[in-house]
Number of protein chains: 2
Amino acid sequence: MDDQLGVFSNRLQQHGYRLTTARRVILEALLASGGHITADGLVEVVRQQSPGIGRMTVYRTLEILSELGLIRPVYQGTGAAHYILMENGHHHHLVCSGCDRVIEFDECVLEEMGRLISGRFDFQIQGHVVEFFGLCADCRRVSA
Amino acid sequence: MDDQLGVFSNRLQQHGYRLTTARRVILEALLASGGHITADGLVEVVRQQSPGIGRMTVYRTLEILSELGLIRPVYQGTGAAHYILMENGHHHHLVCSGCDRVIEFDECVLEEMGRLISGRFDFQIQGHVVEFFGLCADCRRVSA
DNA sequence: ATCTCAATTGATATAAAGTATCAATTGAGG
DNA sequence: CCTCAATTGATACTTTATATCAATTGAGAT
């Protein structure tokens, strides 16, 4: 098991960010959550540990970690974004029409597709979103 | 060319919704937009046609159409959701960050990917959305 | 054509999530 | 142990979406 806290801390310092008390607490709480937590959810957890830490600090720390590619916000609906740990590359989603459950997967056949498109449409690609809609096993069972 | 407005109208009535003036105007504006519009964006367009129509009506109509599976909200970030038309299961778009121009394309390398995913996640795929974000040629020229 | 009543509407208020500002505080290097 | 830029957090604000409710409307019955 790799010491994620260490990895995150180092990455911050390597990029010139101070490793402050607030940031340490936030990192710990974030990692303890195992990912899939909202910003405000994290604020609550953090405050159980250190009531003095402000909302903005949590938001800003999440923003920095996102910039560094260590976490990633996932927008699944109109509510708050969930932040997930980015141990590995990127994520695509299966969104169930029945229950709005979001299943993540990593396979990415789009790199190649992107290159193709770049050329054909003279378009410089910065990112992409892929979502498959459908029914997960549970919802098929219900509606059957 | 299929009469989308007719399709949408019928679908509403089939499900017991009244086809009111407001809804007709909203449907027309939505279809005219070609998809890829935000709720508030649609409110503006609708009001050029009929200034009296309220924001809530537009939001509610979008909700109904989503329920019926005719459109679908896409959440790409912290901003407003974009609604896209669900004519035929899938859509591929290049969305320019500079001018918001949307380029559509047909190539679909995702059929195969879909089959793979179906099996692995026990997920019955009904459609998908792929969006590449980036800069079109014109906008690269401007910012260069 | 008119009536009737539930569906629909829209003004208004509110909630939820994220962003901007700025004076006060902090911490890492000298 | 200074110093000064990075960081913090209280506060205010913006944007997006939702709830409420009295007034209006439309589709079927007459």
Side-chain angles (χ1 to χ4, degrees), chain A residues 8-27 29-30 36-68 71-84 100, chain B residues 8-30 36-68 71-83 100:
Chain A
F8 277 35
S9 305
N10 288 342
R11 208 61 105 60
L12 278 178
Q13 292 186 306
Q14 281 162 18
H15 285 78
Y17 293 105
R18 285 190 196 158
L19 187 50
T20 63
T21 319
R23 283 181 185 157
R24 209 159 9 228
V25 173
I26 292 169
L27 283 182
L30 178 61
H36 260 291
I37 192 169
T38 64
D40 282 323
L42 186 55
V43 169
E44 275 191 46
V45 176
V46 160
R47 279 185 165 156
Q48 283 165 17
Q49 179 61 225
S50 309
I53 292 179
R55 217 167 59 96
M56 277 312 296
T57 303
V58 173
Y59 271 82
R60 276 187 290 232
T61 303
L62 289 173
E63 202 185 341
I64 291 171
L65 295 175
S66 299
E67 269 174 30
L68 298 184
I71 62 176
R72 182 181 183 103
V74 177
Y75 307 94
Q76 345 185 130
T78 170
H82 283 67
Y83 288 84
I84 60 177
D100 281 333
Chain B
F8 277 34
S9 304
N10 287 341
R11 208 60 104 63
L12 279 177
Q13 294 186 304
Q14 280 161 19
H15 284 80
Y17 292 105
R18 286 190 195 158
L19 186 50
T20 63
T21 319
R23 284 182 182 154
R24 208 161 5 228
V25 173
I26 292 168
L27 283 182
E28 276 167 19
L30 178 61
H36 259 288
I37 193 168
T38 64
D40 282 324
L42 186 56
V43 169
E44 274 191 45
V45 175
V46 160
R47 279 184 165 158
Q48 284 166 15
Q49 178 61 226
S50 309
I53 293 179
R55 222 168 54 94
M56 277 311 297
T57 302
V58 173
Y59 271 82
R60 276 187 290 233
T61 302
L62 289 172
E63 202 186 340
I64 291 170
L65 294 175
S66 299
E67 269 174 30
L68 298 184
I71 63 176
R72 174 152 198 122
V74 177
Y75 307 94
Q76 348 183 125
T78 171
H82 282 68
Y83 287 85
D100 281 333

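Quick caveat: nothing in here was measured; it's all calculated off a predicted structure. So you know, we letter chains A, B, ... as the sequences are listed, proteins then strands, and number each from 1.
Under 3.5 Å, the side chain of Arg55(B) and the base of dT9(C) form no donor-acceptor pair of N or O atoms. Applying the 3.5 Å distance criterion, the base of dG18(C) shares no donor-acceptor pair with the side chain of Arg60(A).
Contacts of Thr21(B) with the nucleic acid, taken as non-hydrogen atoms under 4.0 Å apart, involve only primed sugar atoms and P, OP1 or OP2. Arg23(A) comes within contact range of the sugar-phosphate backbone alone, with a heavy-atom separation under 4.0 Å but no base atom that close.
Both Gly79(A) and Arg18(A) lie close to DNA chain C; mapped to their nearest nucleotides by heavy-atom distance, the more 5′-ward contact belongs to Gly79(A). Remark on DNA chain D: of its neighbouring residues Gln13(B) and Tyr83(B), the 5'-side contact belongs to Tyr83(B), judged by nearest-heavy-atom nucleotide.
Between Arg11(B) and Leu68(B), the shortest heavy-atom distance links the atoms NH1-O, 3.4 Å. Here the closest heavy-atom approach between residue Tyr75(B) and residue Thr78(A) is recorded as CE2-N, 3.6 Å.
In this structure, Ile64(A) atom CD1 and dT7(D) atom P are separated by 6 Å, rounded to whole Å. Atom CD in Glu63(B) sits roughly 18 Å away from atom P in dT16(D) (whole-Å rounding). Note: CE (Met56(A)) to C1' (dA24(C)) measures 16 Å, nearest angstrom. The CG atom of Leu62(B) sits 12 Å away from the P atom of dT9(C) (whole-angstrom rounding). At whole-Å resolution of the value, CD1 in Ile53(A) and P in dT7(D) are 15 Å apart. One interatomic measurement links the two molecules: CG of Leu42(B) to P of dA17(D), which rounds to 12 Å at whole-angstrom precision. Following rounding to the nearest Å, Leu12(B) (CG) and dG26(D) (P) show an atom-to-atom distance of 15 Å. Atoms OH (Tyr17(B)) and P (dA6(C)) sit 18 Å apart, rounded to a whole Å.
Considering Thr61(A), Leu30(A), Val25(A), Leu27(A) in turn, Val25(A) is the only one that fulfils the side-chain contact (heavy atoms from CB on, under 4.5 Å) rule with Val46(A).
Under 4.0 angstrom from either OP1 or OP2 of dG10(C) there lies at least one side-chain N or O belonging to Thr57(B). The shortest distance between the side-chain N/O atoms of Thr20(A) and the OP1/OP2 oxygens of dT8(D) is below 4.0 Å.
With Arg23(B) contributing its side chain and Arg18(B) its backbone, the two residues share a donor-acceptor pair below 3.5 Å.
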message: Val45(B) vs Gln49(B), test: side chain to side chain contact (heavy atoms under 4.5 Å, CB included). Steps then yes/no.
response: CA-CA 7 Å; Val45(B) 175; Gln49(B) 178 61 226; over 6 Å; no
